[in-house]
Asks: 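There's a structure below that I have some questions on.
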Amino acid sequence: MPTTFNPPERTLMGPGPSNLNPRVLAALSRPIIGHLDPAFVGMMDELKGLLRYAFQTENALTFAVSAPGSAGMETCFVNLVEPGDKVIVCRNGVFGGRMIENANRYGANTVVVEDEWGKPVDAQKLEDALKANPDTKVVAFVQAETSTGAESDTKTLTEIAHRHGAIVIVDAVTALGGTPVLVDEWGVDAIYSGSQKCLSCVPGLSPVSFGERAIAKLKARKTPVPSWFLDLNLVLSYWTADGGGKRTYHHTAPVNSLYALHESLVLLQEEGIENSWARHRAQHEKLAAGLERLGLDFVVLAGSRLPQLNAVKVPAGVDEAALRTRLLKDYNLEIGAGLGPLAGKVWRIGLMGYTCRPENVLFCLAALADVLKTAG
Ligand SMILES: *Cc1c(COP(=O)(O)O)cnc(C)c1O
């Protein structure tokens, strides 16, 4: 007969989830209340303010979708893409590929701008694609490509898209909290993130934010949003007080998970978001120097590396899966494997949120040195 499940305590240095601050874990265990309880509604209002801080925006339409980052992606595409819309997706890794899949499923006329895995999105290629496709309505790209560890320049790509009359959808799942994401300053129209990466909350929530141009496109739709659950028009009647100040039931909010997100965002605010970015940068530099001392080469060139996701090449002759298994078994340390064309060829070492601390950097380097020595 099954008994209580007691998971092992791991240090999570993969592509997410990251470790939870004890305060976030404690928030999860607080008493459940009704999702329309006035106390809960007050917490949700604070949560929206905290999310605006994380995204550096004043956008009123900023909230957490009750589902993981992939649902935030889907929320953007299902609401903002209409059948026949021309959508340019810039792909330089796994997650750009998923954007293409989303655009296609919602009937877009999709144009793909390809970049090599490990390189940032090439601004000139986007400019050329927009010149060749002047009827483009939406440009979509991933700021922090978790499959490779490359960071793309959201500010420049957004500026180019706007100059050609298109709005942008930005994937900031791994970016948010770990590296600057300046929604208002850069004029980002629609953006989604995830709770379990640099925000160090439990998985299953997707912070999103929509600016005026995105809302105008949503309001101008000729066809209904094809998803009932993700239709922003409906979700909003729950997340915002409509006219009379009364929230209406849409779905049962994940009450305790939202307490946890609230706490992780309070932690971010206490630290100061600029300090969080600086911490990720500083620990990444320490980790990168140590990895290079171990003879491991990065997938991404120095100028485009994400601090929070470090992809390194597996040395020739090393069984990468066996080594990861040893790290997990002997050290309770999780690092990530490669995805797609990088499967079997790289390790992805995450330094996200609460995990991103000096003691974990040193621990990871020491554990890697040990298992690499015996792996030859
Ligand atoms: C993790 C991730 C996602 C998907 O988030 P889930 O919470 O796993 O659904 C999307 N985009 C990027 C860049 C990611 O790293």
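Predicted model only: the values in this text are computed from it and were never measured. When a ligand or atom number is given, it counts from 1 through the structure's own listing order.
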Asks: Charged N to carboxylate O under 4.0 angstrom, D297 versus K313?
Replies: no
Asks: Who gets closest to atom 5 (O) of ligand 1 by heavy atom: G72, G69, A67?
Replies: G69
Asks: Based purely on interatomic distance, does R98 place a nitrogen or oxygen under 3.5 Å from a nitrogen or oxygen of ligand 1?
Replies: no
Asks: Check this for me: does any side-chain nitrogen of one of E159 and K155 sit under 4.0 Å from a carboxylate oxygen of the other?
Replies: no
Asks: For K217 versus L80, what's the shortest heavy-atom pair and its separation?
Replies: NZ-O, 3.0 Å
Asks: Do me a favour and list the nearest non-hydrogen protein atom to atom 11 (N) of ligand 1 with residue, atom name and distance?
Replies: D171 OD2, 2.7 Å
Asks: Look at atom 4 (C) of ligand 1 and say which protein heavy atom is nearest, naming residue and atom and giving the distance to 0.1 Å.
Replies: S70 OG, 3.7 Å
Asks: Check this for me: does any side-chain nitrogen of one of D45 and K48 sit under 4.0 Å from a carboxylate oxygen of the other?
Replies: yes
Asks: Less than 3.5 Å between some nitrogen or oxygen of K197 and one of ligand 1, yes or no?
Replies: yes
Asks: Please say which of E274, H284, E271 ends up in a side-chain hydrogen bond (donor to acceptor under 3.5 Å, both in side chains) with R279.
Replies: E271
Asks: Does the Q56 side chain pair with the main chain of E185, one donor and one acceptor, at a distance under 3.5 Å?
Replies: no
Asks: Considering only heavy atoms, does Q196 approach ligand 1 within less than 4.0 Å through its side chain, its backbone, both, or neither?
Replies: side chain
Asks: Show which atoms of ligand 1 fall inside a sub-4.0 Å distance from at least one heavy-atom site of A144.
Replies: 13 (C)
Asks: When you measure from the side chain of Q283 to the backbone of H280, do you find a donor-acceptor pair of N or O atoms at a distance under 3.5 Å?
Replies: no
Asks: Looking only at protein heavy atoms, which one is nearest to atom 3 (C) of ligand 1, and what is the separation?
Replies: F95 CE2, 3.5 Å
Asks: Please write down residue, atom name and distance for the protein heavy atom closest to atom 15 (O) of ligand 1.
Replies: T146 OG1, 2.3 Å
Asks: Before signing off on this row, confirm whether T174 and ligand 1 have an N or O atom pair separated by under 3.5 Å.
Replies: yes
